[in-house]
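Down below is the structure, laid out as structure tokens.
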Amino acid sequence: MNLSKYIKDIRLKAGITQMEMADLIGYTNPMFVSYVESGTKLPSCRYISTLCKKHPEHKPSLLKYYFEEQRKLTITKLKKHGLNALGHI
């Protein structure tokens, strides 16, 4: 399981549309929800925070997957700039 899949599962289990999820998070357009669920974009901190507040039972897993994605993104950026993050990559 990854973050995008997990977020989509939360939405589907809640029985809400991407538009309803966008409204819940505070977006006017559901495209960002679509991008997040497809893995095209990483959700914002506001997105994750709102989901954690609305679905506290999912908070540990949401944060775990979010931090894993952030870590991967950081490693990729460091490698791009020729830094091997202290040899741990």
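Note that the coordinates shown come from a computational prediction; the quantities given were computed from them, not determined experimentally. Only heavy atoms go into these numbers, but all of them, side chains included; no hydrogens, no water, no symmetry mates.
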Tightest non-hydrogen contact, residues Leu42 and Val36, listed as C-CG2, 4.4 Å
Indicate if Leu73 and Ile48 have the same hydrophobic cluster label, given that clusters are the connected sets of ILVMFWY residues with side-chain heavy-atom separations under 4.5 angstrom.
yes
So, taking the atom named CD in Gln18 and the one named CD1 in Ile25, what distance separates them when rounded to the nearest 0.5 Å?
12.0 Å
Donor-acceptor pair, Ser38 side chain versus Tyr35 backbone, under 3.5 Å?
yes
Run Ile7 and Val33 through side-chain contact (heavy atoms from CB on, under 4.5 Å) and show every step you take.
CA-CA 9 Å; Ile7 289 174; Val33 174; over 6 Å; no
Is any side-chain heavy atom of Tyr66 closer than 4.5 Å to a side-chain heavy atom of Cys45?
yes
Interatomic distance, Leu24 atom CG to Tyr47 atom OH [nearest 0.5 angstrom]:
9.0 Å
Hydrophobic clustering (ILVMFWY, side-chain heavy atoms < 4.5 Å, transitive) - are Ile75 and Phe67 grouped together?
no
Roughly how far apart are Ile10 CD1 and Met21 CE, rounded to 0.5 Å?
7.0 Å
Quick one: pull up OG1 in Thr17 and CG in Asp23 and give me the separation to the nearest 0.5 Å.
7.5 Å
Which residue pairs satisfy the salt bridge (charged side-chain N to carboxylate O under 4.0 Å, His left out) criterion with at least one member in residues 1-18, sequence neighbours excluded?
Arg11-Glu37
Distance check, rounded to the nearest 0.5 Å: Ile16 atom CD1 versus Lys54 atom NZ?
10.0 Å
Classify the side-chain pair Tyr27/Ser44 by whether it contains a donor and acceptor separated by less than 3.5 Å.
yes
Using a 4.5 Å cut-off on heavy atoms from C-beta on, say whether the side chain of Leu3 contacts that of Pro43.
yes
Do Pro60 and Lys64 have side chains that get closer than 4.5 Å, going by heavy atoms?
no
Considering only NZ, NE, NH1 and NH2 on the basic side and carboxylate oxygens on the acidic side, decide whether Lys72 and Glu69 come within less than 4.0 Å.
yes
Heavy-atom pair of closest approach, residues Lys41 and Phe32
CD-CE1, 3.7 Å
